[in-house]
Amino acid sequence: MKSLSNYISLPRISHLLKKELYEKRKTLILRSVILIAILSTATLFIGQENSWRYDNIADSINRDINNTYIPNSYELSYDPHIKSHGVPTDRAINDTIIFFMFAFPITMALGASFAFESMASKRKKIAFLMTPATTLEKYITQFVIYTFGIAVLFFVSCFIAELVRYLVFSAIYPGYGIIQMISVDDILDFIRHRSMPICTYLMGTSLASALFFLGSAIWPRLSFIKTFGVLSAIFFSNLFLGMAIYSFPCIFESALGEEDLIFNFVNSTFIIISIFCFTMAYFRLRESEIIQRM
């Protein structure tokens with residue numbers, strides 16, 4: 001008879017997902033509300049910081065006989081939104097995108113640090129490890145919830161936060177059309193004009209998630225703080241190496257060559273380390289289960 005540990009049962013994984021979501025529904029809902037509240041507060045603050053631009057545009061429209069915005073030549077040359085909508089692009093959009101891009105890796109890392117919090121105490125650890133499922137199935141369940149699930153939750157929270165900003169400031173400046181929401185074109189335009197290495201950004205986010213996912217498997221209790229402390233120690237211990245490389249740019253350039261090669265090297269390194277961290281997290285979980293069953 002084939003051992004349960006030699007294959008994966010999709011119905012069992014589905015049952016584990018339902019069980020995990022049901023048992024932690026209050027905690028997950030609370031954390032989701034906190035995330036939405038933080039992002040919404042940040043977008044409202046960004047909107048407030050741009051309120052003086054809204055006031056200037058509104059005053060310009062009110063002073064015009066036809067109640068239209070009169071752009072200057074510079075705005076006409078770089079802002080196509082004026083030609084199609086009659087008002088400049090909402091500058092809060094760029095600020096909001098920048099904030100979301102900084103918040104994304106932090107959210108992914110924080111979410112990954114909760115992956116194995118079910119093993120934070122001896123009683124919880126026994127209950128988690130003795131669940132009738134294979135180690136791989138338990139691992140996949142945590143990976144789906146605290147990696148893919150957190151990513152989906154973040155994007156949904158960003159939409160809600162942006163919608164809150166749009167509704168609040170549209171109510172403050174009604175009828176002017178100067179408050180706009182982020183669109184896909186805005187994101188693509190933001191990346192295009194800044195030559196942003198988006199692949200490196202995504203790989204870096206994946207690496208952050210993998211590192212904290214591994215940290216959660218090693219020390220489930222206060223995982224984020226402990227992992228952050230270890231990573232900070234590693235960072236500062238390697239700081240002198242980075243300073244040495246920076247001090248000898250010729251050696252660095254000769255070793256890596258052009259900018260594209262540097263990005264490819266960094267991305268490849270991120271991928272390798274991420275796979276290594278996720279793999280080590282699985283073996284750590286498997287080791288814990290073997291010890292418990294002994």
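Residues Leu285 and Phe148 share a hydrophobic cluster, clusters being chains of Ile/Leu/Val/Met/Phe/Trp/Tyr side chains in contact below 4.5 Å. Put simply, Ile198 and Ile187 are part of the same group of oily side chains (I, L, V, M, F, W, Y) that touch within less than 4.5 Å, one to the next. Linking Ile, Leu, Val, Met, Phe, Trp and Tyr whenever their side-chain heavy atoms come within less than 4.5 Å puts Leu163 and Val168 in one cluster. Val33 and Ile106 are not part of a single hydrophobic cluster, where members link through side-chain heavy atoms under 4.5 Å apart. Neither Leu21 nor Leu16 shares a network with the other; the hydrophobic side chains, linked directly or stepwise wherever heavy atoms of I, L, V, M, F, W or Y lie under 4.5 Å apart, form separate groups for each.
Panel note: side chain Glu20, backbone Thr141; no donor-acceptor pair is recorded below 3.5 Å. Checking side-chain atoms of Ser232 against main-chain N and O of Phe228 turns up a donor-acceptor pair under 3.5 Å. Ser14 places no side-chain N or O within 3.5 Å of a backbone atom of Leu10 that could act as its donor or acceptor partner. Ser113 places a side-chain N or O within 3.5 Å of a backbone atom of Leu110 that can act as its donor or acceptor partner. Judged by distance alone, with hydrogens and angles left aside, the side-chain atoms of Ser216 form a donor-acceptor pair with the main-chain N or O of Phe116 at under 3.5 Å.
Distance check: Thr96 OG1 to Ile46 CD1 gives 4.0 Å after rounding to the nearest 0.5 Å. Separating the CD atom in Glu162 from the CD atom in Gln180 is a distance of 10.0 Å, to the nearest 0.5 Å. If you take CG on Asp185 and CD1 on Ile93, they are separated by 10.5 Å, rounding to the nearest 0.5 Å. For the atom pair CD1 of Ile178 and CG of Asp55, the computed distance is 7.5 Å after rounding to the nearest 0.5 Å. Once rounded to the nearest 0.5 Å, the distance linking OG1 of Thr89 with CG of Asn94 reads 8.5 Å. Remark: Cys158 SG to Ile36 CD1 distance equals 10.0 Å, nearest 0.5 Å.
Closest approach of Ser157 and Leu39 over heavy atoms only: CB-CD1, 3.6 Å. For Thr107 against Ile150, the heavy-atom pair with the smallest separation is O-CG2, 3.8 Å. Closest approach of Ser40 to Val164, counting heavy atoms only: OG-CG2, 4.1 Å. Between Met101 and Phe190, the shortest heavy-atom contact is SD-CE2, 3.7 Å. Thr43 and Ala161 get closest at one heavy-atom pair: OG1-O, 3.1 Å. Annotation for Arg165 and Ala92: closest pair NH1-CB, 3.6 Å, computed over non-hydrogen atoms.
Partners of Phe276 by ring pair (Phe, Tyr, Trp, His ring centres under 6.0 Å), not counting sequence neighbours: none found. Checked against side chain to side chain donor-acceptor pair (under 3.5 Å), Asn267 has the following partners two or more places apart in sequence or in another chain: Thr200. Every residue two or more places apart in sequence or in another chain that forms a side chain to side chain donor-acceptor pair (under 3.5 Å) with Asp186 is listed here: Ser183. Judged as a ring pair (Phe, Tyr, Trp, His ring centres under 6.0 Å), and not counting sequence neighbours, the contacts of Tyr139 are Phe213, Tyr282. Take Arg221 and apply the side chain to side chain donor-acceptor pair (under 3.5 Å) test, not counting sequence neighbours, and it matches no residue. Considering only residues two or more places apart in sequence or on other chains, Arg31 meets the salt bridge (Lys or Arg N to Asp or Glu O under 4.0 Å) condition with Glu117. Partners of Ser274 under the side chain to side chain donor-acceptor pair (under 3.5 Å) rule, at least two apart in sequence or in another chain, do not exist in this structure. Checked against salt bridge (Lys or Arg N to Asp or Glu O under 4.0 Å), Lys19 has the following partners two or more places apart in sequence or in another chain: Glu23. Listed by chain and number, the residues in a ring pair (Phe, Tyr, Trp, His ring centres under 6.0 Å) with Tyr173 are Tyr54 (sequence neighbours excluded). Scanning for ring pair (Phe, Tyr, Trp, His ring centres under 6.0 Å) contacts around Phe212 gives Phe224, with sequence neighbours left out.
Ile218 is not listed as a side-chain neighbour of Met280, based on a closest heavy-atom distance of 4.5 Å or more. Contact of the Met203 side chain with the Val266 side chain is not registered, since no non-hydrogen atoms from C-beta on lie closer than 4.5 Å. Put simply, the side chain of Pro88 reaches to within 4.5 Å of the side chain of Ile57, judged on heavy atoms. Contact check for Phe45 versus Glu49: side-chain heavy atoms found under the 4.5 Å cut-off. Contact check for Ser268 versus Ile271: no side-chain heavy atoms found under the 4.5 Å cut-off. Considering only heavy atoms from C-beta on, Met181 stays 4.5 Å or farther from Leu167 through its side chain. Contact check for Thr147 versus Gln142: no side-chain heavy atoms found under the 4.5 Å cut-off. Put simply, the side chain of Ser9 does not reach to within 4.5 Å of the side chain of His15, judged on heavy atoms.
Pairs engaging residues 205-214 under the side chain to side chain donor-acceptor pair (under 3.5 Å) rule: none recorded [sequence neighbours left out]. Sequence neighbours left out, the pairs with a member in residues 95-115 that pass ring pair (Phe, Tyr, Trp, His ring centres under 6.0 Å) are Phe104-Phe154, Phe104-Phe155.
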* **side-chain contact (heavy atoms from CB on, under 4.5 Å) assessment of Arg12 paired with Thr134** => CA-CA 9 Å; Arg12 226 174 11 243; Thr134 64; 4.2 Å; yes
* Would Ile182 and Phe159 count as a side-chain contact (heavy atoms from CB on, under 4.5 Å) if you check the C-alpha gap in whole Å, the side-chain angles of each, and the deciding distance to 0.1 Å? -> CA-CA 9 Å; Ile182 297 175; Phe159 174 78; over 6 Å; no
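At most 12 non-hydrogen atoms from other residues, nucleotides or ligands lie less than 6.0 angstrom from OH of Tyr166.
Both the sub-6.0 Å distance and the 45° axial angle are satisfied by Arg25 relative to the ring of Tyr22.
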